Amino acid sequence: MNLSRKALLGRPAEFAINSAHAVAFHRGLGNPLHPSSTTPMTKYLDHFALADYSKAAYAKSNFAVVANGADHQELTKWVGEFFTNVEQSPPKDFPTPGIASTQYYGGEERIAHDSGNTMVIAFPGSGSVTGNSYKPEARVLAELLGGQSNIKWTSGFSLFSKATEAYPQAHITTMHHTYSDAGLLTISISGNAQQIRGASQEVAKILKNVAAGQVSSEEIRKARAAAKFKALESGQNVSTGIELTGAGLVQGGKPFQIDELGRTIDAVTDEQVKKAAKSLLDGKASVSSVGDLYELPFAEELGLNV
């Protein structure tokens, strides 16, 4: 754990993603995967705390056993042997994790750093297809905006890549982070601080153009196809399918169905994508800047609400 904390200090891009999640969700999904070196770990982490947490986290109501290609009778046998004595529900005197629905907040955080520059602009996205907060248009919007090129030696053909060609030292990546009951659409801009300032202004312009409906049906069609391909490619991975099924069963009793994932993305309309972009700008963004704070812009300078 100490090694991962030290490694995080040298990765401003990961630092910024952690920060954006904290700003967006506060607790729960906002808790960093790798705490910083200044986090007071020893104040809260001891063997008593771990024992109490295990009683709450590993109650029957909080997990599901999912297997792929296993013999049903053998699986039932081992589950009965190893999980019979597990408590049905968490202890009443201990705070239960994972009960309250994830809430999105938004805001801004700026962290000085001398090892690199990254600015993350994030918005609420879509939860898992097995949950009640699933919004397939968020996946399509992420592909429409893009930034990273899928073709070697080219800047790419997405809206962001075409709009920021004048800033070759600013690298843009748009990702959609999907969780069981929430999601986060992140636009990460890394590189030279001055170029990040210029590229971020172009990013804000593109977002406003899409929200105003200034995007062609052909571009949305390509984004829809790319979103479907990536979703199905990920869903075909055995470990991903098992994880999504387990999360779906725990959260809402609904298993993961890969064919349903493809159908929902196919059904996304142009108008839904434009409305999704508009709702992002009308709401609060989560903006995290890590690096040279003298150069990196504030969210307000980009016309974003925080």
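Being a predicted model, the structure only gives us computed values, none of them experimental.
- Within a 6.0 Å radius of CG in Asn132, no more than 12 heavy atoms belonging to other residues, nucleotides or ligands are found.
- A 4.5 Å side-chain heavy-atom check between Ser19 and Val120 finds every atom pair outside the cut-off.
- Looking only at distances, no side-chain donor or acceptor of Tyr167 sits under 3.5 Å from a matching main-chain atom of Ser200.
- Shown here for Asn117 and Pro12, the closest heavy-atom pair between the two residues is N-CG, 4.4 Å.
- When the side chains of ILVMFWY residues are joined at heavy-atom separations under 4.5 Å, either directly or via intervening members, Val273 and Leu261 end up in a single hydrophobic cluster.
- For the 3.5 Å distance criterion, the side chains of Asp181 and Ser101 fail to qualify, holding no donor opposite an acceptor.
- Rounded to the nearest 0.5 Å, atoms NE2 (His26) and OG (Ser286) are 8.0 Å apart.
- Surrounding CD of Glu81 are more than 12 heavy atoms belonging to other residues, nucleotides or ligands, all under 6.0 Å away.
- No donor-acceptor pair under 3.5 Å is formed between the side chain of Glu295 and the backbone N or O of Ala193.
- If you chain together hydrophobic residues whose side chains sit under 4.5 Å apart, Val79 and Val66 never meet in one group.
- Across all their heavy atoms, Leu141 and Val210 have their closest contact at CD1-CG1, 4.2 Å.
- From Ser288, atom OG reaches atom CD of Glu109 across 5.5 Å, with rounding to the nearest 0.5 Å.
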Hey, mind stepping through Phe160 and Ile187 against side-chain contact (heavy atoms from CB on, under 4.5 Å) and telling me if it holds? CA-CA 10 Å; Phe160 283 165; Ile187 304 162; 3.7 Å; yes
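- From Lys278, atom NZ reaches atom CD of Glu271 across 11.0 Å, with rounding to the nearest 0.5 Å.
- Across Ile172 and Val203, no two heavy atoms sit closer than the pair CD1-CG2, 3.9 Å.
- Here the straight-line distance linking atom CD1 of Ile111 with atom NE2 of His113 works out to 8.5 Å at 0.5 Å rounding.
- At distances below 3.5 Å, at least one donor-acceptor pair connects side-chain atoms of Ser216 with backbone N or O atoms of Glu219.
- For the salt bridge (Lys or Arg N to Asp or Glu O under 4.0 Å) with Asp266, the qualifying choice from Arg139, Arg221, Lys228, Arg224 is Lys228, the only one to do so.
- A side-chain N or O of His177 and one of Thr186 form a donor-acceptor pair less than 3.5 Å apart.
- When all heavy atoms of Ser126 and Lys135 are compared, the closest pair comes out as OG-N, 2.6 Å.
- In this structure, Val23 and Val287 have side chains that are not in contact, with every pair of non-hydrogen atoms separated by 4.5 Å or more.
- A 4.5 Å side-chain heavy-atom check between Asn209 and Val215 finds every atom pair outside the cut-off.
- With no hydrogens or angles considered, a side-chain donor-acceptor pair links Tyr134 and Thr264 at under 3.5 Å.
- At a threshold of 4.5 Å between non-hydrogen side-chain atoms, the residues Val65 and Trp78 do not count as touching.
- Tyr105 and Leu281 fall into different hydrophobic clusters, where Ile, Leu, Val, Met, Phe, Trp and Tyr side chains are chained together by heavy-atom contacts under 4.5 Å.
- A 4.5 Å side-chain heavy-atom check between Leu184 and Thr178 finds every atom pair outside the cut-off.
- Shortest non-hydrogen contact noted between Ala276 and Glu137 is CB-CG, 3.9 Å.
- Annotation: the span from Thr102 atom OG1 to Arg27 atom CZ amounts to 13.5 Å, rounded to 0.5 Å.
- Taking CG of Leu296 as the reference point, atom OG1 of Thr118 lies at 8.5 Å (rounded to 0.5 Å).
- A salt bridge between Glu202 and Lys205 is present, with a side-chain N of the basic residue lying under 4.0 Å from a carboxylate O of the acidic one.
- A heavy-atom distance below 4.5 Å is not found between the side chains of Leu232 and Ile265.
- Summarising the geometry of Ser188 relative to Ile17, their closest heavy-atom pair is OG-CD1, 3.7 Å, with the distance given to 0.1 Å.
- Here the side chains of Glu301 and Arg197 are in contact, with some heavy-atom distance below 4.5 Å.
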Under the side-chain contact (heavy atoms from CB on, under 4.5 Å) rule, what do Lys274 and Ile220 come out as? Steps first, then yes or no, please. CA-CA 10 Å; Lys274 295 171 185 176; Ile220 295 178; 4.3 Å; yes
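- The aromatic rings of Phe25 and His21 sit tilted relative to each other, their planes meeting at an angle between 30° and 60°.
- Using a 4.5 Å cut-off on side-chain heavy atoms (C-beta onward), Ile121 and Leu302 make contact.
- No chain of hydrophobic side-chain contacts below 4.5 Å, direct or via other Ile, Leu, Val, Met, Phe, Trp or Tyr residues, connects Phe48 to Leu50.
- Side-chain contact, Thr173 with His171: no donor N or O sits under 3.5 Å from an acceptor N or O.
- Hydrophobic clustering (ILVMFWY, side-chain heavy atoms < 4.5 Å, transitive): Met175 and Phe123 are in distinct clusters.
- Between the side chain of Ser128 and the backbone N or O of Ser180 there is no donor-acceptor pair closer than 3.5 Å.
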